[in-house]
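Side chains included, hydrogens not; waters and symmetry mates left out as well; all remaining heavy atoms used. Labels below follow one simple rule: chain letters A, B, ... track the order of the sequence lines, proteins then strands, and each chain is numbered from 1.
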Amino acid sequence: MPAVSKGDGMRGLAVFISDIRNCKSKEAEIKRINKELANIRSKFKGDKALDGYSKKKYVCKLLFIFLLGHDIDFGHMEAVNLLSSNKYTEKQIGYLFISVLVNSNSELIRLINNAIKNDLASRNPTFMCLALHCIANVGSREMGEAFAADIPRILVAGDSMDSVKQSAALCLLRLYKASPDLVPMGEWTARVVHLLNDQHMGVVTAAVSLITCLCKKNPDDFKTCISLAVSRLSRIVSSASTDLQDYTYYFVPAPWLSVKLLRLLQCYPPPEDAAVKGRLVECLETVLNKAQEPPKSKKVQHSNAKNAILFETISLIIHYDSEPNLLVRACNQLGQFLQHRETNLRYLALESMCTLASSEFSHEAVKTHIDTVINALKTERDVSVRQRAADLLYAMCDRSNAKQIVSEMLRYLETADYAIREEIVLKVAILAEKYAVDYSWYVDTILNLIRIAGDYVSEEVWYRVLQIVTNRDDVQGYAAKTVFEALQAPACHENMVKVGGYILGEFGNLIAGDPRSSPPVQFSLLHSKFHLCSVATRALLLSTYIKFINLFPETKATIQGVLRAGSQLRNADVELQQRAVEYLTLSSVASTDVLATVLEEMPPFPERESSILAKLKRKKGPGAASALDDGRRDASSNDINGGVEPTPSTVSTPSPSADLLGLRAAPPPAAAPAPAGAGNLLVDVSSEGPAAQPGLGPTPEEAFLSELEPPAPESPMALLADPAPAADPGSEDIGSPIPEADELMNKFVCKNNGVLFENQLLQIGVKSEFRQNLGRMYLFYGNKTSVQFQSFTPTVVHPGDLQTQLAVQTKRVAAQVDGGAQVQQVLNIECLRDFLTPPLLSVRFRYGGAPQSLTLKLPVTINKFFQPTEMAAQDFFQRWKQLSLPQQEAQKIFKATHPMDAEVTKAKLLGFGSALLDNVDPNPENFVGAGIIQTKALQVGCLLRLEPNAQAQMYRLTLRTSKEPVSRHLCELLAQQF
Amino acid sequence: MIGGLFIYNHKGEVLISRVYRDDIGKRQAADLAVFSSSWPFLEERVNRRNAVDAFRVNVIHARQQVRSPVTNIARTSFFHVKRSNIWLAAVTKQNVNAAMVFEFLYKMCDVMAAYFGKISEENIKNNFVLIYELLDEILDFGYPQNSETGALKTFITQQGIKSQHQTKEEQSQITSQVTGQIGWRREGIKYRRNELFLDVLESVNLLMSPQGQVLSAHVSGRVVMKSYLSGMPECKFGMNDKIVIEKQGKGTADETSKSGKQSIAIDDCTFHQCVRLSKFDSERSISFIPPDGEFELMRYRTTKDIILPFRVIPLVREVGRTKLEVKVVIKSNFKPSLLAQKIEVRIPTPLNTSGVQVICMKGKAKYKASENAIVWKIKRMAGMKESQISAEIELLPTNDKKKWARPPISMNFEVPFAPSGLKVRYLKVFEPKLNYSDHDVIKWVRYIGRSGIYETRC
């Protein structure tokens with residue numbers, strides 16, 4: 001482009017710019033600009049015609065002001081006028097203004113398009129170029145629509161100048177990238193391909209860019225370009241550095257064009273025509289040869305240009321993947337770069353080698369550089385290069401060098417950057433598994449991995465170890481021994497404890513012969529880590545313990561002690577608590593045979609795709625893709641490494657703890673502290689086991705009650721007619737209730753059935769139902785001994801003035817209870833008015849001659865006569881307000897003694913007897929209930945509100961009833977339940 | 001507690017830097033190396049390149065003009081005022097009373113102006129020793145001290161301490177005076193002529209609708225006194241404060257009716273520290289021992305019964321898309337015997353103005369393109385007169401659809417009366433020890449009303 005000649009220099013513009021630069025403050029600058037804008041406005045007013053020079057000058061000033069960050073809202077018209085000027089400089093400024101400041105103003109766009117059209121048709125190459133540049137710079141859709149058809153015509157027209165062709169090709173490329181649908185494909189495409197033969201290198205370069213972009217969408221249309229590109233490439237490659245004059249860059253002939261041609265060729269498979277292919281191979285060889293030549297210049301530009309061609313050549317060779325000779329040569333060439341001074345070169349070499357390693361032809365060649373790569377991993381300063389080195393190690397690994405590579409990677413792991421540790425852990429795990437010759441090495445490697453980078457060992461990795469150890473008999477003993485030794489380290493990672501716990505639980509017996517790892521030692525070693533671990537690990541360890549009971553009966557007592565400890569049995573975590581309770585019961589109830597069946601060694605896992613590989617795939621590490629290709633290549637040689645066979649199953653490995661007993665699926669609906677909430681497993685055990693006795697041990701509630709299910713045949717009427725004579729407190733000497741009576745009774749505040757009392761002699765079960773102010777209670781007295789109870793007399797006593805509040809009729813029971821048998825007593829209860837203290841049950845009998853006496857509180861509380869009432873929020877609040885006297889309200893704030901579970905709380909409140917009202921309280925966390933206490937004399941309305949605070953582990957309970965003592969009593973009763 | 005004080009020129013170069021406390025910009029680089037990775041980015045920036053640079057980068061060179069006078073950068077507060085091209089910034093890390101800091105900065109400006117006139121880059125560079133000396137005196141460990149120019153001038157002199165030939169006695173007097181009860185006046189001042197000047201300076205602010213309706217108006221005024229009085233005179237200042245007049249009026253009912261019209265309601269006022277506030281609270285009388293020389297006795301604000309010296313009547317007519325006709329009439333609204341001065345009416349023009357023709361009957365009018373306004377200047381104008389300007393503005397059609405926002409017409413002037421209606425009723429001087437009486441003192445009173453933001457919408 002001709003430079004602006006001296007005489008054409010715009011003095012006014014220069015003065016203005018220097019004024020602006022000399023401004024001392026922002027305000028001064030704005031003032032100067034305002035002044036200039038006013039001047040330009042007055043000049044553009046239109047009453048006198050401006051010459052082209054002034055127009056250009058003012059448009060230039062406007063452009064400068066715009067670039068300083070001020071809005072320009074006029075002058076567009078003048079700029080468009082400049083377009084029609086015949087002077088190059090004026091036209092150029094006009095196009096510049098429009099490229100920078102154009103907005104989709106419809107009328108102006110039409111004018112601009114018109115001017116561009118004129119220029120395109122002008123046959124003046126400079127004007128055509130300016131117009132094409134403007135189209136490309138604006139690149140808007142409107143412009144695309146207007147000119148998409150014209151530009152290909154200019155591009156392929158025989159009489160177009162080279163520079164115009166060049167601009168047209170690039171302009172078309174821009175439009176195509178902006179809106180591909182606008183560029184019509186047609187017969188011109190074939191002629192575009194022939195531009196590759198053009199004499200002018202610039203045209204060829206521009207055309208290659210265009211073709212590369214176009215052929216991605218419709219490769220078939222441009223297939224003919226292959227041979228043309230190859231011949232063009234061979235001409236460049238074989239030319240001497242002086243042949244191409246303008247296009248030689250630091251002694252490298254047309255480097256950009258070469259790179260672009262090589263890229264274009266990568267869009268297609270290897271040429272089928274033997275001659276073309278031969279020529280291409282020759283080219284590629286020449287490039288490789290040239291890389292060996294001494295550099296013609298020491299300048300960095302020279303080597304950069306040369307290497308750019310070389311790397312693009314290598315990617316083409318890798319893309320073709322069919323010329324073993326070339327692949328090996330490329331590999332050797334890259335090998336030289338591995339130790340190059342330039343960090344960028346080393347990076348690129350490693351990256352290319354990664355792809356080379358996946359080719360079967362060059363894999364061996366890549367392997368020869370292993371030492372260099374390992375060295376790079378150790379000594380490289382740049383982290384991204386180290387990452388590439390790790391990728392390459394992973395890619396080049398096979399059976400022959402696996403041990404070396406894995407050990408190097410493990411060593412590197414200790415100092416690796418945190419960002420890539422997890423990836424390296426996964427890679428090590430996969431390599432160790434895939435190329436494991438013997439499994440003791442595999443186990444060693446993984447345990448090392450956990451030791452070095454435990455935090456980065458994901459679940460998948462250690463699940464996989466367990467799967468493999470479980471499936472391989474030969475390695476189990478070794479694994480147990482190694483794990484045992486690893487656990488002896490004073491500080492070991494939690495993942496190690498998990499693996500150790502599982503393996504010792506399964507195969508601890510294999511090393512138990514050694515006195516150094518005798519069962520008690522194993523147990524105490526594991527248990528010493530127990531308290532430092534998270535809940536999940538503890539749960540796993542509990543399962544290990546129960547397995548120990550099976551494996552080593554001599555540890556039974558110790559382990560039962562551990563399970564029985566309050567910290568397990570009353571653990572805040574439901575999972576741990578349940579496991580402790582169940583395992584304890586299992587160990588005490590089940591016989592050795594049962595234990596051995598239940599706690600049998602785990603069966604081998606079904607073969608699956610390695611979950612680690614799946615994880616690495618998810619991570620999509622740059623090296624992962626090639627690694628997966630490896631899997632395909634090595635599939636045939638995987639005789640002993642069954643684990644890596646890529647089966648389509650995507651099932652993730654279930655947690656081993658879940659596999660052990662399958663308990664996780666059924667958490668108990670209510671975490672009642674009583675041992676009555678056991679799952680199905682225990683029921684099965686006790687029903688099948690020969691030693692299982694009904695009534696012995698903490699039999700599950702359901703089983704207990706089902707045996708007692710058919711209620712007493714007597715009709716209630718008969719009972720009512722026969723009041724119990726024993727219900728006279730005066731005649732009998734009643735002892736005070738046993739100390740735990742209150743606690744026992746509290747269990748029944750929210751439920752009606754269950755075991756009321758139990759000692760080594762006697763078990764008392766309760767089953768009751770209440771309707772309105774009447775209730776019926778069945779008491780079951782079970783003799784747990786084998787000796788008959790003599791003169792067995794249960795009586796119900798009403799302390800204080802309870803007599804007037806509650807009527808209880810009992811039926812006399814048989815005086816003798818045989819050993820192992822049980823008797824049933826029916827109580828009919830009628831609530832006369834509200835009461836606070838429960839009636840007492842006094843049981844007297846003679847056991848082996850000795851008189852026994854026992855006094856309990858009958859689980860009859862005022863809330864049993866609760867009638868749930870449903871009401872709307874409005875009603876509730878109305879009633880709530882009605883009961884606003886201070887004595888009608890009872891409130892209690894207390895700490896939660898049980899885990900705060902909304903479902904459990906709900907169940908308890910329902911059991912308490914009130915209706916639960918949803919959508920009353922604005923806070924969904926809170927519970928609101930309502931009900932009426934039915935007595936014969938009166939009815940007491942009752943409203944309650946429970947506000948849990950999960951953070952503080954506190955509850956606030958508010959009760960409002962129409963009777964003061966009832967509020968307080970209910971509040972106290974309910975408060976004890978949470 | 002001001003941590004430091006910096007003075008910058010318009011380029012952001014530091015002219016004066018005085019650090020009073022270690023907490024600003026003194027953090028060691030070693031500390032930073034440990035914490036920098038976890039600290040917020042700005043915090044790091046403030047400490048590494050210290051507070052001086054932080055202000056320059058974030059306020060003076062900010063891409064968008066910083067409007068707030070208080071800027072918080074990484075838990076450091078910068079309070080700045082700008083005088084012409086000079087920035088004064090007080091820096092602190094503590095939670096200070098912002099009003100105190102600004103009061104101090106303004107006082108600092110006053111003191112510097114009293115010492116070397118206009119605050120400009122050149123003056124500051126020429127007087128930098130003096131400024132450091134002043135800073136040492138008026139700010140101790142970040143706590144403002146006596147900043148009374150009169151008192152300062154006794155011991156910080158521009159000619160150097162020797163030229164004054166101060167005796168030991170005088171030096172000891174300085175100590176007792178500065179630490180004494182009346183820190184603003186030294187003893188033993190003697191004048192042959194006891195003279196005092198009282199200036200009532202007011203600025204009137206107005207926003208008026210095109211129809212002539214007052215949207216908001218208030219007057220903020222100052223009473224500035226220049227006293228050349230001997231000894232320790234006790235002065236009493238009286239003005240037509242409504243409360244005082246009414247209180248007196250209780251005794252003599254006829255006086256109330258006479259002076260009731262002239263009394264003014266003062267919304268709020270502040271006094272120089274020499275005024276006895278307790279006496280003002282109880283009796284609402286203003287009595288004080290004045291400092292020697294010039295000082296601002298009080299500041300006040302009124303919003304009721306303001307005399308608006310000028311009325312602006314705009315008339316704007318749009319003739320097609322390319323022409324605008326503007327006619328503005330101004331009417332003076334005060335006694336015909338008084339003369340207003342320095343009248344300037346500023347009529348904003350649209351941003352696409354391409355040419356302006358102005359015709360005015362009085363004064364000179366000119367279109368100033370750099371300010372996008374027509375500026376009409378009249379040197380003098382008597383009360384109850386009227387003057388008119390008409391202008392034809394040519395517009396350039398633009399493709400911008402935004403309508404012209406029509407900024408208000410603003411006005412500047414100076415009138416020789418107080419627009420609030422404030423009158424000085426008396427200023428009595430009592431000096432019991434020396435033998436001159438109130439009658440011997442020559443008193444001068446002057447009223448100047450200036451325009452503040454005096455705008456009329458068009």
For A:Glu27, is it the side chain, the backbone, both or neither that has a heavy atom under 4.5 Å from a heavy atom of chain B?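 Only the side chain of A:Glu27 comes within 4.5 Å of chain B.
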If you round to the nearest 0.5 Å, how far is NZ of A:Lys35 from NZ of B:Lys368?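 B:Lys368 NZ to A:Lys35 NZ: 11.0 Å, rounded to 0.5 Å.
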Looking only at heavy atoms, which two atoms of A:Phe74 and B:Leu396 are closest? And how far apart?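 Taking A:Phe74 first and B:Leu396 second, the nearest heavy atoms are CD1-CD2, 3.5 Å.
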Counting only heavy atoms from other residues, nucleotides and ligands, does the tally under 6.0 Å from [atom1] of [X] exceed 12?
X        : atom1 : result
A:Leu67  : CG    : yes
B:Lys362 : NZ    : yes
B:Arg457 : CZ    : no
B:Lys366 : NZ    : no

The single option from A:Ile30, A:Leu37, A:Asn34 passing side-chain contact (heavy atoms from CB on, under 4.5 Å) against B:Asn372: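 Only one option passes, and that is A:Asn34.
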Members of residues 349-356 of chain B whose heavy atoms come closer than 4.5 Å to chain A: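 When heavy atoms of chain A are the reference, residues 349-356 of chain B contributes B:Leu351, B:Asn352, B:Thr353, B:Ser354, B:Gly355 within the under-4.5 Å range.
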